[in-house]
Amino acid sequence: QVITKSELIDYSLVTGSYIIKPSAYNIWENIQAFINDKIKQLGVSNVYFPMLIPESLLKKEARHIAGFSPEVAWVTEAGSSKLSERLAIRPTSETIMYEAYARWIRSYKDLPLKLNQWANVIRWEFKNPIPFLRSREFLWQEGHTAFASKEEADKEVLEILDVYADLYEEILAVPVIKGKKTESEKFAGADYTTSIETFLPNGRGIQCATSHSLGQNFSKNFEIKFIDKDEKEKLVWQNSWGLSTRAIGITVMHHSDNNGVIIPPRVAKNKAVIIPIFFKDEKRPIIEKCKSLLSELSEFNPILDDREGYTPGWK
């Protein structure tokens, strides 16, 4: 009720898929603006790759496909014709992006390659969908970078983790803990996974964002090679990192209560509400003053609640 009555989200006809309404999408746009500013300072460029991934590509990294196999949704037909090869609807984009990286990277001069995409993702297999926190389709950003050396790659893993921590603490007002995942919890196909996590008011921990060191696992299978300065052919070192609309759910759970949604001011669409209190025969000048304040406070996108039939206290 908190997220539907506040018009953050609505339900669709597909279980586990939700409509993100303007108030929530405004939060996402603020998150995008913060992340874009930070990663572009690190030399990352935005890009977009197709959401349909040939099965043969997805199978190139065995541990990767094994980790995602239960969650993959497949396209098998086009109209009345069967496809010659199944197409996966993007659960994550390592495989389709790295096929291109293998064609684009030839020399140390092509490195580092730092790309990020803002996209939607489908992950199907689970029993208990929760709006924002666990849905079949969600929005996210996924960064995919390639380096000539392990040292460069390891450095970026922690730089990105700091960007995510800054977003949560400075923008969403959510305290987080930075750390490294266990072997059993790391990303499928990664050397190691780092994450930021927080404790919710119900006492449970939740993962907020992840930054993975992929080592040379994908570059071996996708043959992403380059000629280094010493004229020897080498494999690149890779990272991937991501943050999703789960951030909105975590923010709501941290700050809101049974009386309604509370949104931190740096991502709130409306940062002020003007409520007129009328006295006898003073309605017109009070409304005029309120409209003047509405203009003066325009940078905070204020609301003027001049509805009749409701008391100031109720408002």
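Nothing here was measured: the structure is a model prediction, and the numbers come from that model. Start at 1 with the first residue, then count along the sequence.
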Side-chain donor or acceptor of [X] paired with backbone N/O of [Y] under 3.5 Å:
X: E99; Y: F222; value: no
X: N217; Y: L214; value: yes
X: Q117; Y: F49; value: yes
X: H255; Y: L172; value: yes
X: T198; Y: P175; value: yes
X: E152; Y: S149; value: yes
X: T193; Y: F187; value: yes
X: R136; Y: T15; value: yes
X: S135; Y: P131; value: no
X: N116; Y: V44; value: no

>> For E185 and T182: C-alpha separation, side-chain torsions, deciding distance, then whether side-chain contact (heavy atoms from CB on, under 4.5 Å) applies.
In response: CA-CA 5 Å; E185 287 184 311; T182 63; 3.4 Å; yes

Return yes when atom [atom1] of [X] has more than 12 non-hydrogen atoms of other residues, nucleotides or ligands closer than 6.0 Å, and no otherwise.
X: K315; atom1: NZ; answer: yes
X: R307; atom1: CZ; answer: yes
X: F199; atom1: CZ; answer: no
X: K59; atom1: NZ; answer: no
X: E288; atom1: CD; answer: yes
X: Y48; atom1: OH; answer: yes

Heavy-atom pair with the smallest gap, counting every atom of [X] and [Y]:
X: P276; Y: I287; value: CG-CD1, 4.4 Å
X: V2; Y: S256; value: CG1-CB, 4.4 Å
X: A165; Y: I196; value: N-CD1, 3.9 Å
X: P91; Y: V121; value: O-CG1, 3.1 Å
X: F138; Y: S244; value: CD1-CB, 3.8 Å
X: M253; Y: P201; value: O-CG, 3.3 Å

So, [X] versus [Y]: side-chain donor-acceptor pair below 3.5 Å or not?
X: N30; Y: Y25; value: no
X: E85; Y: S56; value: yes
X: S292; Y: E296; value: yes
X: E94; Y: S240; value: yes

>> With side-chain contact (heavy atoms from CB on, under 4.5 Å) as the criterion, how do I27 and T251 come out once you've worked through the C-alpha distance, each side chain's angles and the decisive distance to 0.1 Å?
In response: CA-CA 10 Å; I27 298 172; T251 302; 5.7 Å; no

>> What verdict does the side-chain contact (heavy atoms from CB on, under 4.5 Å) test give for N46 and I39, after you've listed the backbone C-alpha separation in whole Å, the side-chain angles of each residue and the deciding distance to 0.1 Å?
In response: CA-CA 9 Å; N46 282 329; I39 63 175; 4.3 Å; yes

Applying the 4.5 Å side-chain criterion to the ILVMFWY set and letting contacts propagate, would [X] and [Y] be lumped into a single cluster?
X: F132; Y: L200; answer: yes
X: I286; Y: I303; answer: no
X: I31; Y: I3; answer: yes
X: W140; Y: I96; answer: no
X: W28; Y: W241; answer: yes

Side chain proximity check, [X] to [Y], heavy atoms < 4.5 angstrom:
X: L235; Y: Q216; value: yes
X: I274; Y: D305; value: no
X: I206; Y: R246; value: yes
X: N270; Y: F300; value: no
X: Y192; Y: S213; value: yes
X: T92; Y: E142; value: yes
X: T145; Y: E156; value: yes
X: I9; Y: K21; value: no

> What's the verdict on side-chain contact (heavy atoms from CB on, under 4.5 Å) for T245 and Y18, showing C-alpha distance, side-chain angles and the deciding distance?
Replying inline: CA-CA 11 Å; T245 39; Y18 305 97; over 6 Å; no

> Between N36 and W118, is a side-chain hydrogen bond (donor to acceptor under 3.5 Å, both in side chains) present by the stated rule, with each step listed?
Replying inline: CA-CA 10 Å; N36 273 331; W118 295 92; 3.0 Å; yes

For the [atom1] atom of [X] and the [atom2] atom of [Y], what is their distance to the nearest 0.5 Å?
X: S298; Y: L293; atom1: OG; atom2: CG; answer: 11.5 Å
X: E151; Y: D154; atom1: CD; atom2: CG; answer: 7.0 Å
X: N239; Y: S211; atom1: CG; atom2: OG; answer: 6.0 Å
X: K269; Y: I263; atom1: NZ; atom2: CD1; answer: 12.5 Å
X: Y108; Y: D230; atom1: OH; atom2: CG; answer: 10.0 Å
X: W74; Y: L83; atom1: CH2; atom2: CG; answer: 11.5 Å

> Is it true that K155 and E159 make a salt bridge, defined as a side-chain N closer than 4.0 Å to a carboxylate O?
Replying inline: yes

> Of K186, K181, K180, which meets salt bridge (Lys or Arg N to Asp or Glu O under 4.0 Å) against E183?
Replying inline: K186

>> What verdict does the salt bridge (charged side-chain N to carboxylate O under 4.0 Å, His left out) test give for D162 and K178, after you've listed the backbone C-alpha separation in whole Å, the side-chain angles of each residue and the deciding distance to 0.1 Å?
In response: CA-CA 8 Å; D162 286 341; K178 291 182 277 190; 2.7 Å; yes

>> Testing V47, I53, L113, L57 one by one against M97 for a side-chain contact (heavy atoms from CB on, under 4.5 Å), which residue passes?
In response: V47

>> Are F218 and Y98, when compared by the centres of their aromatic rings, separated by less than 6.0 Å?
In response: yes

>> As a quick check of understanding, evaluate side-chain hydrogen bond (donor to acceptor under 3.5 Å, both in side chains) for D110 and Y101, giving each step before the final call.
In response: CA-CA 10 Å; D110 300 321; Y101 283 24; over 6 Å; no

